[in-house]
> 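Here it is, the structure, as structure tokens.
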Number of protein chains: 2
Amino acid sequence: MKADLEPNLLLDEQLCFALYAASRRLTAVYRPLLDALGLTYPQYLVMLVLWERDGITVRELGARLQLDSGTLTPLLKRLEQADLLLRRRRESDEREVEITLTNAGRSLHERATEVPRCLAKKLCMSADEFVRLRDELKSLAIQLAPTQE
Amino acid sequence: MKADLEPNLLLDEQLCFALYAASRRLTAVYRPLLDALGLTYPQYLVMLVLWERDGITVRELGARLQLDSGTLTPLLKRLEQADLLLRRRRESDEREVEITLTNAGRSLHERATEVPRCLAKKLCMSADEFVRLRDELKSLAIQLAPTQE
DNA sequence: TCAAATTTAATTGTGCACAATATATTTTTT
DNA sequence: AAAAAATATATTGTGCACAATTAAATTTGA
């Protein structure tokens, strides 16, 4: 079947809705796995960043996840309450807040390794399909990024 | 380059983050266009459904968008406040609430036709690429749907 | 040097998402 | 027909997202 070239207002033909629905569905599949770790999905993303590089600032975290302090500040406070990380002003520049994992935060990494494995099973997708879809989405996001000037 | 077969915890290799980030980016591109119509992105989705078929219930709307009454009820109340639709209990079954477009709600359709056209430009994607990505996301969502039993 | 501009987080306010529960109505079962 | 089960929506509460504003620290530059 030939692709319809006319942009229209039919829900089922929108890329945006397909993206929005798939993203929510995938998050819903993560939910029970992350519940077991005591994390929400955005909190899990923050932990992924910190497991890669600890001691970064809120700004660096935000740049990585494309989230601002309005989202991150309360989220990080909750993770601090859960004893997974510490927030403290940097001495070198008091504007910045440095995020440091606690021992509990670091040890959660081990239990979290089950999460991607468990998800890979549910995805029923070959590694090549996985990589191709992921990279298409990444370039879409880059292409839609605000014009940098 | 060969696809990495090992599921891991690196942010940039996660499909979920690519999906989450792309979805938020695309919504952000819609935002100024929808602001002009006085709609948020989820409100726009509701209007898409109603422009296709008016007089449906909250349940049918929810089935279509995969949203529950906890999300839809307040959203629909806001659209009612904006004079775009009416909510009223059905006489045939008082449990159901039927959503009907007002004249203002119907006439918004015409102005909205600009939205997908405007977006198609920003996407810089061939119709075939567009359709393929959209349909991959749709089958991903279907595949991740809760096991129906 | 010191005033202006910039940078970084936090705060405030709105609007989703979604789980859990409540309420009212309808249908089914006994 | 009455009780029980199922259905549809609303409500409550938590946690994002994100725009707009505020506040404090730092950098820039006249």
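To find a chain, count down the sequence lines: A is the first, B the second, and so on, and within it residues start at 1. These numbers come from a predicted model, not from an experiment.
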> Can a cation-pi geometry be assigned to B:Arg132 and B:Phe130, taking NZ or CZ under 6.0 Å from the six-membered ring centre and within 45° of the ring axis?
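No; the conditions do not both hold, so B:Arg132 does not lie above the ring face of B:Phe130.
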
> Quick one: does any side-chain atom of B:Glu136 pair with a main-chain N or O of B:Leu133 as donor and acceptor, under 3.5 Å?
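Not confirmed, B:Glu136 side chain does not pair with B:Leu133 backbone.
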
> Run through A:Lys138, A:Arg64, A:Arg134 and flag the one making a side chain to side chain donor-acceptor pair (under 3.5 Å) with B:Asp12.
A:Arg64

> Check each residue of residues 44-55 of chain A for a non-hydrogen atom within less than 4.0 Å of any atom in DNA chain C, then write out the ones that pass by number, or none.
none

> What is the distance, to the nearest angstrom, from the CG atom on A:Asp93 to the C1' atom on D:dT27?
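In whole Å, D:dT27 C1' and A:Asp93 CG are 10 Å from each other.
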
> Strictly under 4.0 angstrom, non-hydrogen atoms only: write out the protein contact profile of nucleotides 10-23 of chain D, one letter per nucleotide from the 5' end, B, S or -.
BB---SSBBB----

> Using a 4.5 Å cut-off on heavy atoms from C-beta on, say whether the side chain of B:Trp51 contacts that of A:Leu10.
no

> Under the salt bridge (Lys or Arg N to Asp or Glu O under 4.0 Å) rule, what pairs show up with a residue in residues 117-127 of chain A, not counting sequence neighbours?
A:Glu114-A:Arg117

> Between A:Glu129 (side chain) and A:Ser126 (backbone), is there a donor-acceptor pair under 3.5 Å?
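Yes, the answer is positive, given that a donor and an acceptor are paired below the 3.5 Å cut-off.
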
> Test of understanding: with ring pair (Phe, Tyr, Trp, His ring centres under 6.0 Å), list the residues that count as partners of B:Tyr30, not counting sequence neighbours.
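B:Tyr30 satisfies ring pair (Phe, Tyr, Trp, His ring centres under 6.0 Å) with B:Tyr41, B:Tyr44 only.
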
> Are any non-hydrogen side-chain atoms of A:Leu72 and A:Val46 less than 4.5 angstrom apart?
yes

> Nearest-Å distance, CG (A:Asp35) to C1' (C:dA19)?
10 Å

> Does B:Asp54 pair with B:Arg106 as a salt bridge, N-O distance under 4.0 Å?
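Result for this pair is yes, salt bridge flagged.
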
> Name the residue closer to the 5' end of DNA chain D, choosing between A:Arg90 and B:Glu60 according to the nucleotide with the nearest heavy atom.
B:Glu60

> Tabulate atom names and distances for all N/O pairs under 3.5 angstrom spanning the protein and nucleotides 5-7 of chain D.
unit_1: D:dT7; atom_1: O2; unit_2: B:Arg95; atom_2: NH1; d: 3.3

> Expressed as a whole number of angstroms, how long is the span from A:Glu91:CD to D:dA25:C1'?
15 Å

> Distance check needed: D:dT9 P versus B:Glu96 CD, whole Å only.
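Atom-to-atom, B:Glu96 to D:dT9, this comes out as 6 Å.
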
> Could you list the residues that satisfy side-chain hydrogen bond (donor to acceptor under 3.5 Å, both in side chains) with A:Asp93, not counting sequence neighbours?
A:Arg95

> Answer yes or no: is there a donor N or O on one side and an acceptor on the other, between the side chain of B:Thr102 and the main chain of B:Asp83, under 3.5 Å?
yes

